Amino acid sequence: MAQHGGPQQRIFSPLRTALHRFAFILLIVSAFGLMLLGKADTILIERIRAASADLVSPIMNVVSRPAASINELTEQATNIFNLYEQNERLRRENRELLAWQQVARNLVHENARLRDLADYTSPPPLRLVTTRVIADMGGAYAHSLMVSSGSRDGVSKGQAVMSDEGLVGRIAEAGYQASRVLLITDINSRVPVIVENSRDRAFLSGDNTDRPLLTFLTADATVAPGDRILTSGHGGAFPPGIPVGVVSSVSENSVRVAPLFRRHQLEYLRVADYGLQGILTDQAIHRSQPQIDGVIPNGVGIVPRDSFAPTQQSGPAAPSSTASPPPSPEQLP
């Protein structure tokens with residue numbers, strides 16, 4: 001019977017068996033050796049890594065090309081397959097938009113005629129200042145932002161601050177170069193709003209959560225999740241019709257509204273000047289304060305009431321209005 005193999009097989013067979021048995025241990029020892037070498041000479045390891053990348057990159061490029069080509073062909077086939085459906089959908093949307101365009105034109109002409117008949121006074125022109133959020137000054141107990149526009153840019157206290165989606169808040173403090181924005185979710189924020197569908201009026205009251213409350217709703221108010229909330233224009237703070245949010249939940253105790261913005265995604269905002277004076281300035285607030293404890297405000301400081309009393313002149317004293325009445329005839333002698 002013939003024997004298989006020869007001298008080479010008798011020599012390399014034990015080596016192959018030993019290599020298979022100790023391959024795992026050799027890999028671990030090699031890994032530790034490379035780690036020690038990397039700690040000892042980092043520059044050498046970086047050069048070896050760069051050279052290895054240069055050697056492997058052409059191979060990886062050649063290997064990845066078929067996969068990239070297959071993905072590209074698959075994507076093109078999918079786009080061609082969906083092209084007919086997209087074309088039909090765009091045709092339908094185009095017909096609908098043309099119909100709505102005709103309706104909008106008719107409404108514009110009708111609105112213009114009605115305004116002429118009613119002698120309607122147009123609102124003041126809107127002026128927008130685009131600004132950038134430079135700091136989030138809020139936290140668990142305050143919701144406010146710092147923007148990079150101030151009085152030098154025409155920003156003043158009380159102006160509305162909006163994003164692309166809707167109302168964000170109002171200017172609470174206006175400096176020369178920067179301003180602080182009070183968000184509608186802050187506990188100090190109160191915005192007069194209206195429910196778009198039912199036209200019920202309410203206040204959007206912040207409570208330092210991501211879902212402010214609808215307060216002062218009437219008992220027969222009709223509010224449902226999904227209803228849009230708009231500014232009502234009451235109080236002169238904001239004009240009517242600015243989108244504020246969407247009703248997220250309705251319960252027996254509260255109605256929550258989801259704002260149209262995400263606080264952590266705010267980057268660029270628009271400060272809108274509608275020419276309204278709903279938010280009083282500090283001097284106007286002082287002038288509008290009632291008399292308290294015998295003092296009256298003068299717009300700058302508190303002046304005692306006695307300082308406004310007329311000075312007494314020398315001479316006979318005038319009869320006092322609080323003098324005792326003359327005696328009756330029975331009291332005369």
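On a predicted model such as this, the values are computed, not experimentally measured, just so you know.
- The shortest side-chain heavy-atom distance between V193 and S232 does not fall under the 4.5 Å cut-off.
- Nearest heavy-atom pair, P225 versus S248, reported as atom, atom and distance to 0.1 Å: CB-O, 4.2 Å.
- In this structure, the salt bridge (Lys or Arg N to Asp or Glu O under 4.0 Å) partners of R256, at least two apart in sequence or on a different chain, are D207.
- Every residue two or more places apart in sequence or in another chain that forms a salt bridge (Lys or Arg N to Asp or Glu O under 4.0 Å) with R228 is listed here: E196.
- Side-chain contact between I194 and R199 is present, with heavy atoms from C-beta onward closer than 4.5 Å.
- Side-chain atoms of N82 come within 3.5 Å of backbone atoms of T78 as a donor-acceptor pair (strictly under, hydrogens ignored).
- The list of ring-ring contact (aromatic ring centres under 6.0 Å, His included) pairs with a residue in residues 222-273, not counting sequence neighbours, is empty.
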Test side-chain hydrogen bond (donor to acceptor under 3.5 Å, both in side chains) on T131 and S149 and set out the steps.
-> CA-CA 6 Å; T131 182; S149 297; 3.0 Å; yes
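- Paired with M162 under the rule side-chain contact (heavy atoms from CB on, under 4.5 Å), one option of V168, I242, L269, V271 passes, and it is I242.
- Of all non-hydrogen atoms in L183 and S189, the two that sit nearest each other are O-CB, 3.4 Å.
- Inter-residue side-chain proximity for E173 and K157 is flagged as unmet; no heavy-atom pair is nearer than 4.5 Å.
- Contact of the T185 side chain with the N208 side chain is not registered, since no non-hydrogen atoms from C-beta on lie closer than 4.5 Å.
- Taking the salt bridge (Lys or Arg N to Asp or Glu O under 4.0 Å) definition, one finds that R211 meets it with nothing, sequence neighbours left out.
- Within the 4.5 Å cutoff, side-chain heavy atoms of Q159 are placed close to those of R127.
- Once rounded to the nearest 0.5 Å, the distance linking CZ of R132 with CD of E267 reads 8.0 Å.
- Proximity of V147 to I134: side-chain heavy atoms (C-beta onward) are nowhere separated by under 4.5 Å.
- With contacts defined as side-chain heavy-atom distances shorter than 4.5 Å, the pair N197/T222 does not qualify.
- Counting heavy atoms of neighbouring residues, nucleotides and ligands inside a 6.0 Å radius, atom CZ of R180 exceeds 12 of them.
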Would you sort out whether D136 and R263 count as a side-chain contact (heavy atoms from CB on, under 4.5 Å), showing the intermediate values?
-> CA-CA 9 Å; D136 189 341; R263 177 178 172 184; 2.9 Å; yes
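- Under a 3.5 Å cut-off, the side chain of D153 and the backbone N or O of G150 do form a donor-acceptor pair.
- Applying the salt bridge (Lys or Arg N to Asp or Glu O under 4.0 Å) definition to pairs two or more places apart or across chains, none involves residues 67-88.
- Using a 4.5 Å heavy-atom cutoff, the side chains of I184 and L167 are in contact.
- Using a 4.5 Å cut-off between side-chain heavy atoms of Ile, Leu, Val, Met, Phe, Trp and Tyr, with links allowed through other members, L128 and V155 fall into the same hydrophobic cluster.
- Partners of F203 according to the ring-ring contact (aromatic ring centres under 6.0 Å, His included) rule, which considers only residues two or more places apart in sequence or in another chain, are F216.
- Of the residues I229, L214, T215, the one that meets the side-chain contact (heavy atoms from CB on, under 4.5 Å) test with V255 is L214.
- Y176 and V181 fall into different hydrophobic clusters, where Ile, Leu, Val, Met, Phe, Trp and Tyr side chains are chained together by heavy-atom contacts under 4.5 Å.
- Between the CD atom in E96 and the CD atom in Q101 there is a gap of 14.0 Å [rounded to 0.5 Å].
- Around the CZ atom of R91, the shell of radius 6.0 Å holds no more than 12 heavy atoms that belong to other residues, nucleotides or ligands.
- Hydrophobic clustering keeps Y274 apart from L182 (ILVMFWY residues linked when any side-chain heavy atoms are closer than 4.5 Å, directly or through intermediates).
- Both L204 and V195 are part of a single hydrophobic cluster, where members link through side-chain heavy atoms under 4.5 Å apart.
- Taking all atoms of both residues into account, the shortest heavy-atom contact from L260 to P243 is CD1-CB, 3.6 Å.
- Side-chain N or O atoms of D186 include one that pairs as donor or acceptor with a backbone N or O of N188 at under 3.5 Å.
- Using a cutoff of 4.0 Å between basic side-chain nitrogens and carboxylate oxygens, R262 and D210 are not scored as salt-bridged.
- In terms of heavy-atom proximity, V257 sits nearest to P259 at O-CD, 3.4 Å.
- Residues A174 and I171 come closest through the heavy atom pair CB-CG2, 4.1 Å.
- If you check the side chains of S251 and N253, you find no donor sitting under 3.5 Å from an acceptor.
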